Amino acid sequence: MSKKDKITNKYIHIQGLVQGVGFRPYIYRLACRYNLNGWVENSNDGVFIKAEGKTKVIEKFISAIQLEAPQASNITSIQTDDIPLEKFSEFSIIKSENKSDDITEVSPDISVCKECIEDLKTQPHRIEYPFINCTNCGPRFTIIKDLPYDREMTSMAPFKMCNICNGEYTDILDRRFHAQPVACNTCGPQYSLIINNEIIEDFNLILNLTAQYLKEGKILAIKGMGGFHLACDATNQHAVERLRNLKNRDGKPFAVMCRNIKALKEISSPTSEEIDLLTSWRKPIVLLKNSRKLAPGVSMGFDSVGVMLPYMPFHFQLFENLTLNTIVLTSGNISDEPIIINNEEAIKQFSEITDAILTYNRDIHNRTDDSVAFVTNKKHRLIRRSRGYVPNPVHLNLNTEGIFATGAELVNCFALGKGKQAILSQHIGDLKNLETLEFYSESIERFKKLFRLKPTLIAHDLHPDYLSTKYALEQNIIPKIAIQHHHAHIASCMAEHKLDEAVIGVAFDGVGLGNDHKIWGGEFFICDLAKYERITYFDYVKMPGGDQATKNPWRMAVSYLHKFYGRKFDWNNMEFLKNIPEFELNLILDMLDKNLNCPETSSCGRLFDAVSALVNLCTKASFHAEAPMRLEAAINLETDDHYKFTMNDSIGLKLCFDEILTDLNKGISQGFISTKFHNTIINIIFAVADKLKSERGINKVVLSGGSFQNRYLLEKTENLLSRKGFKVYSHLNTPSNDGSLALGQLAIAAKLREQNDIDY
Ligand code: ZN
Ligand code: ZN
Ligand code: FE
């Protein structure tokens, strides 16, 4: 008998995203196909298998595990050990055991699969059943309370399986074998529609009325996977305006859901990479160029739109009953509060302001917004990492165990370290909002429980007033490390790319506290994970009124002009000041003259604000980053022209402003000025990187910070630097904005601890 024909017994340990994705039944079916005996077991530390059979067959089985794994799984390692023969008589699945505290990954929520959509028409007990799911699809993170991932640990616990469902759940050959949320018309959760305090429970009637209401231009609150949405006809300007008013949301574009790709092509022209992203099982909102045929109130003057495709069974059923191809589906909240997940709360908040509330009787345990993504240079990028992504960890080359990073304040997300993983929370939001702060502390407790983590080290932002810093300081955990905001930005991108060496870091964003107590935001570093050296930055300019300047970009334009030309500048000649009352202008000029409440900043975001206001595109911002977004949207031509700048200790923009004023006087278009201005920033990045490369011999450039959500800036910077021989790193699986700050804080803290030097 050859060695390969010898009967052996192997103990196989699989780690990665293998829980909640139908992995055990998958292994079972595979083992049956290869005629192997033994068992498979789910534990907190991954999946364990004992496989007994011919050596060569076991080898084939192990390679098949990788090749045929369920789409939402992600295997990070497979370890095998030879063990003594046990003479198993069959292959079986053994019950979950809470083996150790080394838990593995929890699956994100998975969009409903094709087979389930087909089953809606054919399976007698699931005809039109809107909560259909199987081992390959359905809710996961949003319904989970604790590990191991079993029905009792989810918000499906109150629903007792009927005999038919139980039969499928226990039949190894069934696609619903061990699918924890399995349910049907007899035994599972149900929708109800509330109109004027009347509750409708007949599902056909619910579907018809929902479709009819949308068609009639009415507004509905609809319970989704991770929270409520507000919905209306995306082509009905009246409905869209009404929705905007009731959300108190001035100018921020709404996301829409489109029936399918064919319908989507009528309103936009997605690239193949964008289609891949739209149709992936994660189903994020994807920012696309063009928004033809939609009501102007959806995109608010932007020539782009955030689109997602149906991902819950109900979405598909709704479009089947709907003549509309596109509906607005925006987060179900008022202003900047967290999206509502609770039925009673939804009824309280939405009854008065919407025409109907569509809800269901299964709880959402973990609030999860829709994720937001875009494509630049053919690569998928994230702006908001939530549904479909969380809680997939980011894998690092550092031991992060026990580190808790509290994140930023405005676009918060926190992170916990487990082994060599960073587990990033879902998008939390602006902590200055009381409800969001509650969501923050509640989510931290849940993550600690879910991932069995007792923090032994806290990393937080340097800013003492951030609510995330205050939260860190209140915790009974020592030590604590305060980490500079922009160093954390660069470290977050380095962590994503597993970089652990000196790099040229370009951190461009709105604001973050610097170590000179000034407000940074346009920074060039030489840094590694443990330390940073600030090389240069946009020369300081005053922010009249601090945060108020952020909401009033015209103040930043005035500040730049005042800096370069003094009070005697001919203000009357400026188009962008036409709607600003003279006393307000004088007040700001007085503040600048006397240096009253004028913190200094090197912020790139405030520089973009200034130029956006100066060319009269956006003088007052109705939402975060509106002015830079409008400036980017104005780009309308192909040119490499740029304005002049100077490089000394800091980067001087006097020549740039001289030229912009000349162009304005000549009546040159906003689009042309915007393009040249963007090109100027790109050329500044190249000039600084080039100088550092020749002085320090460093060739790797890391781009991070919210300004790199600007697609033109990101694309052209990457292309120019790559063309000039640099290795460029930008965010792909994490956002470039403050949503990744916790990841950077975590990576820096891990590195400092590794070096036994937590005095940052
Ligand atoms: Zn399915
Ligand atoms: Zn059932
Ligand atoms: Fe930032």
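Ligands are counted one by one from 1 in listed order, and the atoms in each one are counted from 1 as well. Given the structure is predicted, the values throughout are model-derived calculations rather than measurements. Side-chain atoms are counted along with the backbone in the values below, which use heavy atoms only and exclude waters and symmetry mates.
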- prompt: Can Glu115 and Arg176 be counted as an ion pair, charged N to O under 4.0 angstrom?
  reply: no
query: Among Phe508, Phe677, Tyr712, Phe538, whose ring-ring contact (aromatic ring centres under 6.0 Å, His included) with Phe608 holds?
result: Phe677
message: Less than 4.0 angstrom from a charged side-chain N to a carboxylate O is my criterion; do Glu626 and Arg630 meet it?
response: yes
task: Taking all non-hydrogen atoms of both residues into account, name the closest pair between Phe177 and Thr135 and its distance.
output: O-CG2, 2.9 Å
message: Can you tell me if, anywhere in His486, an N/O/S atom lies at a distance from the Fe ion (ligand 3) that is smaller than 2.8 Å?
response: no
- request: State whether Asp109 and Lys283 are salt-bridged, where the test is any N-O pair (Lys NZ or Arg NE/NH1/NH2 against Asp/Glu carboxylate O) under 4.0 Å.
  value: no
- prompt: Name of the His485 N, O or S atom nearest the Fe ion (ligand 3)?
  reply: NE2
query: the Zn ion (ligand 2) as vertex, arms to SG of Cys165 and SG of Cys187: angle to 10°?
result: 110°
message: Given the Zn ion (ligand 1) as the apex, I'd like the angle to SG of Cys137 and SG of Cys134, rounded to 10 degrees.
response: 120°
task: For the Fe ion (ligand 3), find the closest N/O/S atom on Asp738 and give its atom name.
output: OD1
Atom name, Asp509 (N, O or S, nearest to the Fe ion (ligand 3)): OD2
message: Taking N, O or S atoms only and a limit of 2.8 Å, check whether Cys184 reaches the Zn ion (ligand 2).
response: yes
query: Vertex the Zn ion (ligand 1): angle to SG of Cys116 and SG of Cys113, to 10°?
result: 110°
query: Among side-chain atoms of Gln180 and Tyr169, is any donor-acceptor pair under 3.5 angstrom?
result: yes
